[in-house]
Amino acid sequence: MAAAATAGSGTPREEEAPGGEAAASQAQAPTNAPGGARLSRLPLARVKALVKADPDVTLAGQEAIFILARAAELFVETIAKDAYCCAQQGKRKTLQRRDLDNAIEAVDEFAFLEGHNQS
């Protein structure tokens, strides 16, 4: 991958140096965007701790941790929006457990969650 894109902007964030090594500023790049805005809303140290808790994972690079954090954010955002639509159909603004359950049943992408709800 020759250039990584800044989340949502479509502009290159950094170029790889010759030899496949990322630029020296790469370690700080995922957490802070230009202007001080955070690219990740989840604390990367917590995500890294969760990854390290898996006995099958031996090494996880900073970029992998960032991608996992961003994927988790997008997943939570998506399921929350779908659950909110279910709440609106019930003429409510407050999400309830049944709204999440309804979203899981209604959206095919959440099929892997079916049967995992603990009442």
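Values in this document were obtained by computation on a predicted structure and should not be read as measured data. The residues of the chain are indexed from 1 along the displayed sequence. Heavy atoms only: backbone and side chains are in, while hydrogens, waters and symmetry mates are out.
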Can you pull the ring pair (Phe, Tyr, Trp, His ring centres under 6.0 Å) pairs that have at least one residue in residues 75-102, sequence neighbours excluded?
F75-F110
Rounded to the nearest 0.5 Å, how far does CZ of R98 lie from CD1 of I104?
15.0 Å
Taken in chain and number order and not counting sequence neighbours, the residues that satisfy salt bridge (Lys or Arg N to Asp or Glu O under 4.0 Å) with K81 are E77
T78 vs V107, test: side-chain contact (heavy atoms from CB on, under 4.5 Å). Steps then yes/no.
CA-CA 11 Å; T78 301; V107 180; over 6 Å; no
Side chain to side chain contact (heavy atoms under 4.5 Å, CB included) against I65, all qualifying residues, sequence neighbours excluded
L44, V47, K48, V51, A60
Of all heavy-atom pairs between A69 and S40, which one has the smallest distance, and what is that distance?
CB-OG, 3.7 Å
Residues two or more places apart in sequence or in another chain: which of them pass side chain to side chain contact (heavy atoms under 4.5 Å, CB included) with D54?
D56, V57
Could you report the tightest heavy-atom contact between A80 and L95, atom names first, then the distance?
O-CD1, 4.2 Å
Do any pairs count as a salt bridge (Lys or Arg N to Asp or Glu O under 4.0 Å) and have a residue in residues 85-94, sequence neighbours left out, and if so which ones?
R92-D99
The criterion is salt bridge (Lys or Arg N to Asp or Glu O under 4.0 Å); which residues satisfy it with D82, sequence neighbours excluded?
none
Measure across E114 and E105 and return the closest heavy-atom pair with its distance rounded to 0.1 Å.
OE2-CA, 3.9 Å
Working to the nearest 0.5 Å, report the span between CG of L113 and CG of D101.
10.0 Å
Check: R41 main-chain N/O paired with E73 side-chain donor or acceptor under 3.5 Å
yes
Is L100 linked to V76 within one hydrophobic cluster, defined over Ile, Leu, Val, Met, Phe, Trp and Tyr using a side-chain heavy-atom separation of less than 4.5 Å?
yes
